[in-house]
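Before any comments, here is the structure.
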Amino acid sequence: MMAEERQGGTLIVVVGPSGAGKDSVMGVAARHFAQRPDILFVRRVITRPSDAGSEVHESVSAPEFEDMQEGGAFAVSWQAHGLSYGIPRDIADKVESGMTAIVNGSRAALPAIRAAFGKVAVALVTADAPVLAKRLAQRGRENEEDVLRRLKRQVPDVVAGPDVIVIDNSGRLEIAGQRFVTLVEQHCAKSHHPA
């Protein structure tokens with residue numbers, strides 16, 4: 001047994017339905033913490049073009065992803081919406097060393113993420129159904145039928161647990177963004193000041 005146990009950091013996993021504004025809320029925090037070397041915004045590896053969507057990610061082909069997965073490049077990987085997603089393995093080491101890492105996750109992948117990282121905090125970014133519908137329609141990626149199908153799929157998919165905080169992004173982005181910034185600050189404080 002070690003004389004002094006390291007507190008370690010936290011992985012903050014941002015989840016929520018499409019159109020809730022996860023990337024926007026994370027963007028507020030990324031700007032706020034731009035000068036903080038102890039806070040890391042994770043670039044996921046995704047099998048989609050780098051110019052698709054608003055998230056900055058590492059774009060790879062499906063065969064490249066498979067090779068990376070077989071080579072142990074990911075701490076966690078999952079499939080959703082016909083794409084493959086991976087959180088790089090070195091993120092687990094950075095969190096263990098005391099950093100706070102923030103990643104856009106998946107509700108379906110939460111059990112695997114919790115198993116891989118242990119200490120996680122989940123920020124469930126939500127918005128009212130009419131707001132979600134409007135945002136999804138404005139994105140123009142899907143037709144009305146696809147939007148309705150996506151919204152129906154979201155309804156029963158609820159995340160609960162002691163490590164989950166709900167952030168309502170139905171209104172002004174600044175309000176939801178500040179709530180997320182506060183969450184990140186609380187976890188940074190816990191990492192730097194063991195209980």
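We count residues from 1, following the sequence as given.
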Please determine whether residues Val28 and Ile12 belong to a single hydrophobic cluster, defined as Ile, Leu, Val, Met, Phe, Trp and Tyr linked transitively by side-chain heavy-atom distances below 4.5 Å. yes
Under 4.5 Å between side-chain heavy atoms, counting indirect links through other Ile/Leu/Val/Met/Phe/Trp/Tyr residues: same cluster for Leu124 and Val184 or not? no
Least distance between heavy atoms, Gly86 atom then Pro88 atom: O-CD, 3.7 Å
Between CG on residue Asp38 and NZ on residue Lys94, distance to nearest 0.5 Å: 13.0 Å
Is Met26 linked to Ile39 within one hydrophobic cluster, defined over Ile, Leu, Val, Met, Phe, Trp and Tyr using a side-chain heavy-atom separation of less than 4.5 Å? yes
side-chain contact (heavy atoms from CB on, under 4.5 Å) assessment of Arg36 paired with Cys188: CA-CA 11 Å; Arg36 291 281 301 269; Cys188 286; 3.8 Å; yes
Is any side-chain heavy atom of Arg114 closer than 4.5 Å to one of Asp163? yes
Quick one: which of Val166, Leu110, Ile113 gives a side-chain contact (heavy atoms from CB on, under 4.5 Å) with Val122? Leu110
Cluster check Ile87, Phe41: I/L/V/M/F/W/Y, side chain < 4.5 angstrom: no
Inter-residue atom distance Arg44.CZ - Ser106.OG, 0.5 Å rounding: 8.0 Å
Check this for me: Glu66, atom CD, are more than 12 non-hydrogen atoms of other residues, nucleotides or ligands nearer than 6.0 Å? no
Taking the six-membered ring for Trp, is the centroid-to-centroid distance between Phe74 and Phe65 below 6.0 Å? yes
So, Lys22 side chain and Asn104 main chain: donor-acceptor pair closer than 3.5 Å or not? no
How many angstroms lie between CD1 in Ile175 and CD1 in Ile167, if you round to the nearest 0.5 Å? 12.5 Å
Heavy-atom distance under 4.5 Å between the side chains of Ile165 and Phe180, does that happen here? no
I need the minimum non-hydrogen distance between Arg48 and Ser59, along with the two atoms involved. O-OG, 2.5 Å
Ala80 to Tyr85 - nearest heavy-atom pair and separation: O-CE1, 3.5 Å
Hey, what do you get for CD1 (Ile102) to CZ (Phe33), rounding to the nearest 0.5 Å? 6.5 Å
Identify the two heavy atoms, one from His187 and one from Ala121, that lie closest to each other, and give their separation to 0.1 Å. NE2-CB, 3.4 Å
Can you tell me if Arg89 uses its side chain to pair, donor with acceptor, with the backbone of Gly72 under 3.5 Å? yes
Let me confirm one number: the CD-CG distance from Glu174 to Asn169, rounded to the nearest 0.5 Å. 9.5 Å
Where is the tightest heavy-atom contact between Gly177 and Val25, given as atom of each residue plus distance? CA-CG1, 4.3 Å
Could you grab the distance from atom CD1 of Ile91 to atom CZ of Arg43, nearest 0.5 Å is fine? 11.0 Å
Shared hydrophobic cluster, Trp78 / Val13 (ILVMFWY, side-chain heavy atoms < 4.5 Å): yes
Heavy atoms only: give me the nearest Ser170-Ala127 pair and the separation to one decimal. OG-CA, 3.2 Å
